Amino acid sequence: MRAWILDQQAAIEDGPLSLVEVATPRPAESELRIRVLVCGICRTDIHIVEGDLPLKKKPIVLGHEVVGVVDQVGKGVGSFNIGEKVGACWLHSSCNSCKYCLSGAENYCSNIKCTGWDKDGGFAEYMIVPERNALSLENLRSSPEKIAPLLCPGIAGYAAFKLAEAREGDKLGLYGFGPTAYYVSKVAQKLGIRTYVSTRSPDHIQRARQEGADWAGDASKETMPNRLDAAVLFPPAGNLVEPALAQLQAGGTLVMAPVSSSSIVIRDYSANLWGRSIRTLYNVNMTDAREFLVLAEDLDLEMGVTVFPFESLPDALIQTKQGRLKEPNAVLQVARENGTYR
Ligand SMILES: NC(=O)c1ccc[n+]([C@@H]2O[C@H](COP(=O)([O-])OP(=O)(O)OC[C@H]3O[C@@H](n4cnc5c(N)ncnc54)[C@H](OP(=O)(O)O)[C@@H]3O)[C@@H](O)[C@H]2O)c1
Ligand SMILES: [Zn+2]
Ligand SMILES: [Zn+2]
């Protein structure tokens with residue numbers, strides 16, 4: 001099969017990925033082989049390529065927003081049939097036996113394996129997914145390219161939203177308005193939660209307003225009209241933490257979504273942190289993933305995607321990194337739904 005592999009980390013612009021012919025993987029017991037249709041491109045892929053995150057496997061096929069069809073099943077697979085539409089997300093597998101795995105909180109498992117980081121992902125014609133962590137997409141009406149971003153920003157946003165514990169009638173702050181914040185805003189609004197978006201770029205401010213935010217602006221330049229019950233911070237900018245905490249009412253929670261952050265300094269504990277909580281999003285679990293896909297179908301969540309042909313992955317990564325995409329999410333088309341690779 002053809003696969004994009006990364007062997008050595010480097011700047012995206014230096015073209016460290018190569019398109020090569022490799023052996024098509026075979027599913028072991030309790031595993032599915034997926035014929036990949038599309039795979040979304042995430043900022044995390046760029047972090048892996050460029051060395052912000054360590055290279056855990058060499059060579060590695062990146063990509064963790066995978067939509068495909070079951071093509072082969074290993075021994076003992078009982079819940080999926082050949083030809084069924086399935087998805088793979090960031091959570092590839094976990095130990096299945098620790099206290100976290102046994103309580104549905106496998107995102108905290110110390111033996112977690114991630115798709116496209118520990119294990120080969122979806123920038124290839126085929127990939128392997130454990131049956132236990134494959135997502136059935138049979139009930140989703142959207143096209144594969146529209147489903148792909150649901151599988152990372154969608155699920156992660158929903159997981160962050162749950163940590164915020166906002167309730168109907170609450171005011172929820174969102175700092176940054178990238179793909180993840182979009183999904184949080186849609187879920188929150190549907191549940192009767194008012195959204196207040198602070199983001200810098202005029203485009204994002206305008207989009208947040210179009211998407212129904214009660215207020216959108218740059219909170220470092222203008223004051224939000226209300227205190228908030230909860231907030232989610234998306235950019236890896238530690239300097240935003242104290243002002244975001246200051247905007248919360250007593251009892252409020254600030255959820256930090258980033259996987260890394262610049263230093264966080266709280267200068268005035270009594271005024272800004274006392275009485276509030278900070279929580280962090282640490283991977284996602286399959287309960288969040290499955291709950292979110294049901295919600296996404298009910299809410300008809302759809303976000304703009306820029307589709308790239310399979311050969312154009314390097315260009316898609318550059319455009320994502322440089323913020324030059326026409327639509328917020330880049331998706332790589334690997335094969336047609338009813339045909340083979342084009
Ligand atoms: N913890 C986990 O397990 C997990 C899983 C998935 C994703 N994530 C994280 O979720 C976050 C959201 O991802 P995303 O791709 O949707 O967002 P993103 O586009 O990377 O960032 C969101 C927005 O924040 C604003 N921003 C960026 N840098 C900023 C800064 N220094 N100061 C103020 N604003 C800044 C930008 O909008 P403006 O230019 O308009 O300000 C940007 O579009 C990422 O940090 C990602 O790592 C975490
Ligand atoms: Zn991702
Ligand atoms: Zn475990």
Side-chain angles (χ1 to χ4, degrees), residues 4 12 17 34-47 49 61-69 85-90 115-116 121-125 127 135 137-158 174 176-187 199 201 203-204 206-208 210-212 234 257 284 289 292-293 295-339 341-342:
W4 281 101
I12 293 280
L17 296 178
I34 298 182
R35 182 169 68 83
V36 180
L37 298 173
V38 298
C39 183
I41 293 163
C42 174
R43 199 157 288 275
T44 303
D45 297 318
I46 295 169
H47 290 314
V49 174
V61 179
L62 306 174
H64 56 269
E65 301 175 10
V66 192
V67 179
V69 286
K85 198 181 285 181
V86 288
C89 65
W90 180 243
T115 310
F123 297 148
E125 290 177 292
M127 70 171 280
L135 291 160
L137 304 177
E138 283 289 301
N139 294 330
L140 269 65
R141 283 163 301 179
S142 281
S143 60
E145 61 271 21
K146 297 272 184 182
I147 293 173
L150 297 176
L151 301 178
C152 185
I155 294 170
Y158 176 66
L174 300 174
F177 202 68
T180 317
Y182 161 86
Y183 288 114
V184 179
S185 76
K186 292 283 115 183
V187 171
T199 196
S201 71
D203 279 3
H204 281 152
Q206 200 194 344
R207 249 194 59 232
Q210 277 167 359
E211 298 297 347
F234 294 96
V284 295
F292 175 69
L293 289 182
L295 252 178
E297 186 61 17
D298 285 353
L299 304 185
D300 218 5
L301 292 184
E302 233 181 50
M303 233 198 147
V305 293
T306 310
V307 178
F308 290 84
F310 189 48
E311 295 79 5
S312 302
L313 179 60
D315 186 35
L317 287 165
I318 291 172
Q319 287 194 34
T320 303
K321 178 180 170 184
Q322 298 177 352
R324 291 197 282 113
L325 294 172
K326 287 201 186 73
E327 297 286 347
N329 294 284
V331 174
L332 194 70
Q333 176 142 46
V334 181
R336 294 268 183 219
E337 196 149 355
N338 297 317
Y341 177 74
R342 38 188 195 125

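Keep in mind it's a predicted model, so treat the numbers as computed, not measured.
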Closest non-hydrogen atoms of Trp4 and Pro314, given as atom of the first, atom of the second and distance, are CH2-CD, 3.4 Å
Glu145 meets the salt bridge (charged side-chain N to carboxylate O under 4.0 Å, His left out) criterion, sequence neighbours left out, with none
Worked check of side chain to side chain contact (heavy atoms under 4.5 Å, CB included) between Leu150 and Tyr183: CA-CA 8 Å; Leu150 297 176; Tyr183 288 114; 3.6 Å; yes
Min side-chain heavy-atom separation Leu317-Leu17 under 4.5 Å = yes
Check your understanding: Does any non-hydrogen side-chain atom of Arg35 lie less than 4.5 Å from one of Val334?
Key -> no
On a heavy-atom basis, the closest approach of Thr199 and His204 is CG2-CB, 3.4 Å
One should read off an interatomic distance between Ser143 OG and Glu302 CD, to the nearest 0.5 angstrom, of 6.5 Å
TODO: Look at atom CG of Asp298 and say whether more than 12 heavy atoms of other residues, nucleotides or ligands are closer to it than 6.0 Å.
DONE: yes
Tyr158 meets the ring-ring contact (aromatic ring centres under 6.0 Å, His included) criterion, sequence neighbours left out, with Phe292
NZ of Lys85 to CG of Asn139, rounded to nearest 0.5 Å, is 11.0 Å
Check your understanding: So do the side chains of Pro153 and Tyr182 get within less than 4.5 Å of each other, counting heavy atoms only?
Key -> no
Heavy atoms of Gly116 and Leu62 approach each other most closely as O-CD2, 3.2 Å
Output for pair (Thr320 OG1, Ile12 CD1), nearest 0.5 Å, gives 8.5 Å
What one should report as the nearest heavy-atom pair of Ile34 and Gly68 is CG2-CA, 3.5 Å
Interatomic distance, CD1@Ile46 vs CD@Gln322, rounded to 0.5 Å, equals 9.5 Å
When every non-hydrogen atom of Cys39 is compared with those of Phe123, the smallest separation belongs to SG-CE2, 3.5 Å
Q.
Let's go through Val184 and Phe234 carefully: what are the C-alpha distance in whole Å and the side-chain angles of both, what is the deciding distance for side chain to side chain contact (heavy atoms under 4.5 Å, CB included) to 0.1 Å, and is it a yes or a no?
A. CA-CA 11 Å; Val184 179; Phe234 294 96; 3.8 Å; yes
### Query
Is the shortest heavy-atom distance from the side chain of Val61 to the side chain of Met127 under 4.5 Å?
no
Applying salt bridge (charged side-chain N to carboxylate O under 4.0 Å, His left out) to Glu327 and not counting sequence neighbours gives none
Output for pair (Leu301 CG, Leu293 CG), nearest 0.5 Å, gives 10.0 Å
Lys186 side chain to Glu211 backbone, donor-acceptor under 3.5 Å: yes
### Message
Do Arg207 and Pro328 have side chains that approach each other closer than 4.5 Å (heavy atoms only, starting at C-beta)?
### Response
yes
Residues Cys152 and Glu65: closest non-hydrogen pair is CB-OE2, 3.2 Å
Check your understanding: Can you check side chain to side chain contact (heavy atoms under 4.5 Å, CB included) on Leu313 and Ile41, steps first, answer last?
Key -> CA-CA 9 Å; Leu313 179 60; Ile41 293 163; 3.7 Å; yes
Using modelled atom types and a 3.5 Å cut-off, is there a donor and acceptor pairing between side-chain atoms of Thr115 and backbone atoms of Cys89?
yes
Between the CD1 atom in Ile147 and the CG atom in Leu135, the distance rounded to the nearest 0.5 Å is 11.0 Å
